[in-house]
Q: 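Let me give you the structure first, and then I'll get to my questions.
Values in this document were obtained by computation on a predicted structure and should not be read as measured data. Along the sequence shown, residues carry numbers from 1.
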Amino acid sequence: MSQPRFGRMIPAMVTPFNQDRELDLDKAQALAVRLVDGGSDSLIINGTTGESPTVFYPQKMKLFSAVVEAVGDRVPVIANVGDNCTADTVDFARDVAALGVDGFMCVVPYYNKPPQEGIYQHFRAIAGSVELPIILYNIPGRCVVNMEAETTLRLANEFDNVVAVKEASGRMDQVKAIIDAAPEGFDVYSGDDSATFDIMQMGGAGVISTIGNVAPARMKEIVDLCAAGDWEAAAAANDRLMPLMTGLFETSNPILVKEALRLLDFPVGGVRLPLVDATPEQSERLAQIMRETGVLQ
């Protein structure tokens, strides 16, 4: 497999907060370095796992700047700038580009329930307004609407800076259709850790990962084995980590990812309302899974 532009294992980094649920930029910088040291190829900042709906534009700008400063040139930093208002997304992306990030991730507009033509026009407006590469983000479980394969491919073929898609639709036929028909240089990433092995078997590039916050080296091992075509070893590594891949989603993400980091003695604070922190029972079950998978001693 050819090497993707942004690599194969890309954590969607959690956003650290202090005890007052305010941004903890020092901890964000420390986490970014920790993830890079763990083998991450790039970092997605303030995506779903980063609680993007409750981190507002001025806070996002501070967060992006802090991570860029901490990481330097070690790996690309990809800023999630997507919103459900096209004009706001365009304006914000232009502002963020000046911070030194290496690319954008933009989610399918949520709540509005746009038709496919509306989704296309949304991304067309963004792609035509910025020069940095864009990763599309399709997650109908949160956005209500699914970006169909035809729309993704239309964008991939028409815009040189639309370079990848994070596919979290769970529709493997759709994912395969995109992989099979994508233009050269367009990468398809799994948006679900547990689907990564299957998607890479179809020719996918890798994963934009939740578990990458907790066990980056373990997830990196899986994608590298897949890329090398060592499917037997990749399957074994995938099976060993699968209980934690699924266990982190017992409740809404990123509640348990933040709890997992606390259990690993790297606390990043709780979540912002309307999310709530893990219950003692959830924490106990999570700790057991982490011990069983060898992530927690």
Side-chain angles (χ1 to χ4, degrees), residues 9-25 27-32 34-35 38 40 42-56 59-60 63-64 66-67 77-82 105 107 110 135 137-143 166 168 170 189-196 207-216 218-219 241-287 289-290 293 295-296:
M9 205 292 286
I10 309 175
M13 195 179 93
V14 301
T15 299
F17 300 133
N18 63 23
Q19 61 183 3
D20 297 319
R21 301 302 203 265
E22 296 300 324
L23 283 181
D24 187 335
L25 296 178
K27 183 56 69 80
Q29 291 185 317
L31 177 58
R34 175 186 175 103
L35 297 181
S40 304
S42 297
L43 299 175
I44 296 278
I45 309 303
N46 204 227
T48 302
T49 307
E51 297 177 70
S52 55
T54 52
V55 179
F56 300 108
Q59 297 170 339
K60 293 180 199 283
L63 181 62
F64 298 149
V67 174
V77 174
I78 303 160
N80 174 40
V81 298
M105 186 172 74
V107 71
Y110 45 87
I135 300 175
Y137 182 15
N138 186 37
I139 181 166
R142 289 182 182 265
C143 295
K166 176 183 178 181
Y189 289 97
S190 173
D192 181 347
D193 290 305
S194 62
T196 303
V207 62
I208 295 177
S209 175
T210 298
I211 202 173
N213 285 276
V214 178
R218 294 278 297 275
M219 198 66 206
L241 199 56
M242 184 62 71
L244 185 55
M245 292 184 195
T246 56
L248 287 171
F249 286 85
E250 176 187 325
T251 187
S252 297
N253 185 44
I255 292 170
L256 292 183
V257 182
K258 285 194 161 183
E259 181 63 14
L261 285 167
R262 187 190 71 79
L263 291 168
L264 290 170
D265 293 324
F266 194 89
V268 291
V271 292
R272 284 180 171 174
L273 287 169
L275 297 181
V276 293
D277 295 341
T279 66
E281 294 79 13
Q282 289 170 337
S283 180
E284 183 178 348
R285 285 192 295 274
L286 177 61
I289 294 171
M290 291 172 68
T293 54
V295 173
L296 181 65

Q: To the nearest 0.5 Å, tell me how far Gln282 CD sits from Ile255 CD1.
A: 6.5 Å

Q: What residues, two or more places apart in sequence or in another chain, satisfy salt bridge (Lys or Arg N to Asp or Glu O under 4.0 Å) together with Arg21?
A: Asp277

Q: Would Ile44 and Lys166 count as a side-chain contact (heavy atoms from CB on, under 4.5 Å) here? Give the steps.
A: CA-CA 11 Å; Ile44 296 278; Lys166 176 183 178 181; over 6 Å; no

Q: Run Glu250 and Leu286 through side-chain contact (heavy atoms from CB on, under 4.5 Å) and show every step you take.
A: CA-CA 9 Å; Glu250 176 187 325; Leu286 177 61; over 6 Å; no

Q: So Pro274 and Thr54, do their side chains get closer than 4.5 Å, heavy atoms only?
A: yes

Q: State whether the side chain of Ser209 and the backbone N or O of Met9 hold a donor-acceptor pair below 3.5 Å, judged by distance alone.
A: no

Q: Measuring from atom CG of Leu261 to atom CG of Leu31, what distance do you get when rounded to the nearest 0.5 angstrom?
A: 6.5 Å

Q: Within the side chain of Lys258, is there an N or O that forms a donor-acceptor pair under 3.5 Å with the backbone of Thr15?
A: yes

Q: If I compare all heavy atoms of Leu25 with all of Ala66, which pair ends up nearest, and what's the gap?
A: CD2-CB, 4.1 Å

Q: Kindly give the heavy-atom pair with the smallest separation between Tyr137 and Ala168, and that separation in Å.
A: CE1-CB, 4.5 Å

Q: Please confirm whether the backbone N or O of Asn46 pairs with a side-chain atom of Asn80, one donor and one acceptor, at under 3.5 Å?
A: yes

Q: Is there a donor-acceptor pair closer than 3.5 Å between any side-chain N or O of Asp20 and the backbone N or O of Glu22?
A: no

Q: If you measure from OH on Tyr189 to CD1 on Ile10, what distance do you get to the nearest 0.5 Å?
A: 4.0 Å

Q: Under a 3.5 Å threshold, yes or no: a donor from one side chain and an acceptor from the other, between Ser194 and Asp192?
A: yes

Q: What do the steps show when you test Met219 against Ser40 for side-chain contact (heavy atoms from CB on, under 4.5 Å), and what is the final call?
A: CA-CA 9 Å; Met219 198 66 206; Ser40 304; over 6 Å; no

Q: I'd like to check Arg272 versus Pro53 (side-chain heavy atoms, cut-off strictly below 4.5 Å). Are they in contact?
A: no

Q: Which heavy atom of Leu296 sits nearest a heavy atom of Ala287, and at what distance?
A: CD2-O, 4.0 Å

Q: With a 4.5 Å limit on heavy-atom distance, are the side chains of Phe17 and Val55 in contact?
A: yes

Q: Could you go step by step and tell me if Met13 and Asn213 meet the side-chain contact (heavy atoms from CB on, under 4.5 Å) rule?
A: CA-CA 6 Å; Met13 195 179 93; Asn213 285 276; 4.0 Å; yes

Q: May I ask you to decide if Pro267's main-chain N or O and Lys27's side chain share a donor-acceptor pair within less than 3.5 Å?
A: yes

Q: Just verifying a value: how many Å separate Ile289 CD1 and Leu241 CG, rounded to the nearest 0.5 Å?
A: 11.0 Å

Q: Given Leu256, which partner from the list Leu248, Leu244, Val214 fulfils the side-chain contact (heavy atoms from CB on, under 4.5 Å) test?
A: Leu248

Q: Got Val207 and Asp193 here, is their nearest side-chain heavy-atom distance under 4.5 Å?
A: yes

Q: Rounded to the nearest 0.5 Å, how far does CG of Leu43 lie from CD1 of Ile78?
A: 8.0 Å

Q: Counting distance only, does the side-chain N/O of Gln59 pair as donor-acceptor with the main-chain N or O of Leu23 below 3.5 Å?
A: no

Q: Do we see a donor-acceptor contact under 3.5 Å between the side chains of Ser283 and Glu259?
A: yes

Q: Once side chain to side chain donor-acceptor pair (under 3.5 Å) is applied, do any residues pair with Ser42, and if so which ones, sequence neighbours excluded?
A: none

Q: Any side-chain heavy atom of Arg218 within less than 4.5 Å of one from Ile211?
A: no

Q: With the side chain counted from C-beta on, respond yes when Phe249 and Thr210 share a heavy-atom pair under 4.5 Å apart, and no when they do not.
A: yes

